[in-house]
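The basis for the numbers below is simple: all heavy atoms, side chains too, and nothing from hydrogens, waters or symmetry mates.
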Amino acid sequence: MMNNGGGKPSLREAKLEQRKMMYNNRGQYSYTWQTEMKSACFSNPLFCCLAVFCSPCVSYSNRQEALHGDMRFYTCCQGLLPCSGRMKEEQCPKVCLCLEVSCCFPSSVLATRYLLQDEMQLENTKCDNCLFNTMVALQGLACVCYIASMFEPGLREAAQTVDAVADLVYCSVCACMQTQHRDQIKFRNENMQCICPIVEGNPMLAPPQAVMTANPGLTFQYPTINHSTGQAQGVPVPGQGYPGQHPQYPKA
């Protein structure tokens with residue numbers, strides 16, 4: 001449904017504009033990750049190995065930690081995909097996250113990365129982007145080689161070799177990325193003043209729409225930091241919940 005006569009924009013147009021604003025905001029981020037991706041395997045080698053051999057479990061843990069342990073903020077891929085917010089996540093977020101990391105693993109890792117970047121205004125380094133591009137290029141090359149081998153059977157062995165290299169690079173980069181996320185989450189939890197999200201219009205930093213419509217009297221505010229006092233606002237305190245605030249969501 002398109003916008004007619006300059007009236008109110010359609011839902012599709014509004015979402016496209018929202019996504020455009022999100023990407024534009026990320027281009028303005030200037031803070032750096034605590035651990036560069038290229039050195040993540042050296043900073044936390046045991047966790048990196050865990051991320052190689054049990055990557056979906058690590059992705060689940062990272063997302064839960066990235067959400068401050070509060071699964072009410074969870075949506076499928078945190079707004080990254082069209083299905084986000086439409087999967088009844090508010091009813092069983094943990095089950096939905098299990099399905100996400102199992103069936104859409106690459107998207108689950110990227111969603112956590114974008115969530116952390118938006119929360120702390122983190123930019124990728126040139127090396128990070130180089131690793132991403134190399135990983136994607138090798139996957140594309142493997143696909144091209146397999147297609148070529150359909151017409152020239154002699155290329156089958158070469159295609160398998162390229163595919164094996166592409167998978168190795170993919171597993172390595174993904175493990176380093178998840179280790180980088182873990183180090184950043186640990187730093188954030190110890191230094192809450194680094195939280196400085198651009199919240200407006202960002203669906204990755206909000207709970208499912210169904211949660212809000214079911215409780216129309218509630219207001220919502222993503223966890224932020226009072227930089228004058230250093231006190232976290234809206235961040236769950238273990239064993240205390242949200243002191244002095246609404247039992248479900250912090251007041252604006």
Side-chain angles (χ1 to χ4, degrees), residues 26 31-81 83-84 87 89 92-120 122-125 127-136 138-139 164-192 194-195 197 204-205 207 223 235-236 238:
R26 288 180 189 137
Y31 295 105
T32 57
W33 295 85
Q34 285 305 298
T35 304
E36 286 194 62
M37 197 183 301
K38 66 180 181 181
S39 5
C41 59
F42 303 108
S43 68
N44 197 342
L46 292 179
F47 187 86
C48 193
C49 288
L50 180 64
V52 171
F53 296 107
C54 198
S55 48
C57 297
V58 169
S59 182
Y60 182 100
S61 175
N62 277 352
R63 177 71 62 77
Q64 192 172 39
E65 287 290 327
L67 292 169
H68 300 273
D70 191 342
M71 293 298 287
R72 288 171 298 184
F73 290 93
Y74 171 77
T75 57
C76 180
C77 294
Q78 297 305 126
L80 191 63
L81 300 179
C83 64
S84 300
M87 309 300 290
E89 299 98 317
C92 48
K94 292 184 178 180
V95 173
C96 288
L97 181 54
C98 283
L99 291 174
E100 177 190 323
V101 299
S102 300
C103 304
C104 307
F105 173 72
S107 296
S108 75
V109 176
L110 281 178
T112 300
R113 185 174 190 83
Y114 289 147
L115 174 63
L116 293 173
Q117 285 186 289
D118 290 345
E119 185 182 49
M120 290 172 273
L122 302 170
E123 65 172 349
N124 290 331
T125 65
C127 183
D128 290 346
N129 291 330
C130 181
L131 289 172
F132 291 145
N133 293 335
T134 300
M135 178 179 66
V136 173
L138 284 173
Q139 292 290 335
V165 172
D167 286 344
L168 180 62
V169 172
Y170 171 81
C171 291
S172 301
V173 171
C174 227
C176 289
M177 193 191 312
Q178 296 217 80
T179 305
Q180 183 186 44
H181 296 170
R182 173 59 58 159
D183 288 350
Q184 190 68 34
I185 291 170
K186 181 180 178 181
F187 173 80
R188 181 203 65 185
N189 292 344
E190 296 173 352
N191 303 272
M192 286 294 185
C194 69
I195 298 176
M204 299 193 78
L205 301 178
V235 179

Rounded to the nearest 0.5 Å, what's the gap from [atom1] on [X] to [atom2] on [Y]? Could you check?
{"X": "His181", "Y": "Ser61", "atom1": "NE2", "atom2": "OG", "answer": "13.0 Å"}
{"X": "Ser55", "Y": "Met177", "atom1": "OG", "atom2": "CE", "answer": "11.5 Å"}
{"X": "Glu89", "Y": "Glu100", "atom1": "CD", "atom2": "CD", "answer": "9.0 Å"}
{"X": "Asp167", "Y": "Gln139", "atom1": "CG", "atom2": "CD", "answer": "5.5 Å"}
{"X": "Gln78", "Y": "Ser107", "atom1": "CD", "atom2": "OG", "answer": "12.0 Å"}
{"X": "Asn124", "Y": "Cys130", "atom1": "CG", "atom2": "SG", "answer": "12.0 Å"}

Determine the minimum heavy-atom distance between [X] and [Y], stating which atoms define it.
{"X": "Ala66", "Y": "Leu116", "value": "CB-CD2, 3.9 Å"}
{"X": "Gln184", "Y": "Trp33", "value": "OE1-CA, 3.4 Å"}
{"X": "Leu67", "Y": "Leu115", "value": "CD2-CD2, 3.7 Å"}
{"X": "Asn189", "Y": "Glu65", "value": "ND2-OE1, 3.8 Å"}
{"X": "Pro56", "Y": "Phe105", "value": "N-CE1, 3.9 Å"}
{"X": "Thr179", "Y": "Cys48", "value": "OG1-CA, 3.3 Å"}

Do Asn62 and Ser59 pass the side-chain hydrogen bond (donor to acceptor under 3.5 Å, both in side chains) test, and can you show the C-alpha distance, the side-chain angles, and the key distance before you say yes or no? CA-CA 5 Å; Asn62 277 352; Ser59 182; over 6 Å; no
Compute whether any side-chain donor of one residue and acceptor of the other, for Thr35 and Arg182, lie under 3.5 angstrom apart.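 Distance-only check fails for Thr35 and Arg182.
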Anything under 3.5 Å between a donor and an acceptor, one on a side chain of residues 37-45, the other on a protein residue two or more places apart or in another chain? List them.
residue	atom	partner	partner atom	Å
Ser43	OG	Ala40	O	3.0
Ser43	OG	Asp183	OD2	3.0
Asn44	OD1	Phe47	N	3.4

[X] side chain near [Y] side chain, heavy-atom distance below 4.5 Å:
{"X": "Arg188", "Y": "Ile185", "value": "yes"}
{"X": "Lys94", "Y": "Tyr74", "value": "no"}
{"X": "Arg113", "Y": "Asp128", "value": "yes"}
{"X": "Glu119", "Y": "His68", "value": "yes"}

